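This report concerns only the one structure given below.
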Amino acid sequence: GAVVSQHPSWVICKSGTSVKIECRSLDFQATTMFWYRQFPKQSLMLMATSNEGSKATYEQGVEKDKFLINHASLTLSTLTVTSAHPEDSSFYICSASPGQATYEQYFGPGTRLTVT
Amino acid sequence: SQKIEQNSEALNIQEGKTATLTCNYTNYSPAYLQWYRQDPGRGPVFLLLIRENEKEKRKERLKVTFDTTLKQSLFHITASQPADSATYLCALDTDSNYQLIWGAGTKLIIKP
C-alpha cells in the first residue's frame, strides 16, 4: 500500500518551454501533497505544499508563477515548470500524506528535468 | 529555526556489523521524528516514525532511539547487508500542515 507514482521519470526540454509533472497517489487519498527539489548530495528542499481544492502554499524564494501547482483531486497533483531555463534543471520529487494524523510521507520516484 | 544535523561523511561498515547513524536537532523537540531511505535517483522511502514519548522503536533489523534531552535520534541497522547501502534521511515535524524538515542524509556503505 501507499504507492505514489510520478510521471515522467525524466524529461529533456528546450529553454523557454513548459513542462508538466504529474504525481498520483495510487491506493490512498492524499489530503496533502508536497513538491520537493533536490540537488546532488543535498537535502530535500520543499517547494510547496498543496491541499486538494485549494491554492498551494509556496516556500519563501519559490516563484509561484514559474512553478504552477494544481491539486485537482485527492489523488492527483501536478507541477508545471513554465518557461524553463537551464537553472531549473534538477530532480523534482513529490510526496503525499494521507493526513488523518498519519505523519509519514510517501514519495514518488522523482522526475529528472534537464533544460537545454 | 530548527536545524537538523546528520553526518555528511559516508559511513563504511563491514557486512554483518551494526550500522549506527546519528540525527541531531538544535531547537524545539519535535512531536515525532522519522527516518527514510533514499537510493540514488529515487524518491525517499519511509522506514520508521518515533514519537516524542517513545524511547525506542523497532522494525525487523531496524531500531530507532529518540533522546529529547540530548536532542538526538540514533538509527541502527543490525546484521547489515550490502543491500542496506543507501542514503538515510532524518526528518522532523513542523507546526504546519504535515510538513517535515529534512536532514541532508548520511550515505551508508556496507562492504561485503
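Since the model is a prediction, treat every value here as computed from it, not as a measurement. All heavy atoms count here, side chains included; hydrogens, waters and symmetry mates do not. Quick note on labels: first sequence line is chain A, next is B, and so on, each numbered from 1.
For A:Gln6, no part sits under 4.5 Å from any heavy atom of chain B, backbone or side chain. When heavy atoms are compared at a cutoff of 4.5 Å, B:Gln6 does not approach chain A at all.
Hydrophobic clustering (side-chain heavy atoms under 4.5 Å, transitive across Ile, Leu, Val, Met, Phe, Trp, Tyr) keeps A:Phe28 apart from A:Met33. By the rule that hydrophobic residues join a cluster once side-chain heavy atoms approach within less than 4.5 Å of another member, B:Leu11 and B:Leu48 end up as members of one cluster.
Ring centers of B:Tyr36 and A:Phe107: under 6.0 Å apart, within the cut-off.
Annotation for A:Val115: hydrophobic cluster partners, listed by chain and number, are A:Val11, A:Val19, A:Ile21, A:Trp35, A:Met45, A:Met47, A:Tyr58, A:Val62, A:Phe67, A:Ile69, A:Leu79, A:Val81, A:Tyr92, A:Leu113 (ILVMFWY side-chain heavy atoms under 4.5 Å, direct or chained).
With values rounded to the nearest 0.5 angstrom, A:Leu44 atom CG is found 12.5 Å from B:Ile101 atom CD1.
The two atoms that bring A:Ser43 and B:Gly103 nearest to each other are OG-O, 3.0 Å, heavy atoms only. The shortest heavy-atom contact between A:Phe34 and B:Gln99 is CE2-CG, 3.6 Å. Annotation for A:Gln105 and B:Phe46: closest pair O-CB, 3.9 Å, computed over non-hydrogen atoms. Nearest heavy atoms, A:Gln38 versus B:Gln38: OE1-NE2, 2.8 Å.
Heavy-atom neighbours of A:His85 NE2 from other residues, nucleotides or ligands within 6.0 Å: above the threshold of 12. Counted within 6.0 Å of CD on B:Gln14, heavy atoms from surrounding residues, nucleotides or ligands total more than 12; the atom is thus considered enclosed. The environment of A:Lys66 atom NZ is dense: over 12 non-hydrogen atoms of other residues, nucleotides or ligands sit within 6.0 angstrom.
Listed by first and then second residue, the side-chain hydrogen bond (donor to acceptor under 3.5 Å, both in side chains) pairs involving residues 59-69 of chain B are B:Arg61-B:Asp84 (not counting sequence neighbours).
Highest contact tally toward chain A, considering only B:Ala104, B:Gly105, B:Gly43, B:Pro44, is held by B:Pro44 [criterion: heavy-atom pairs under 4.5 Å].
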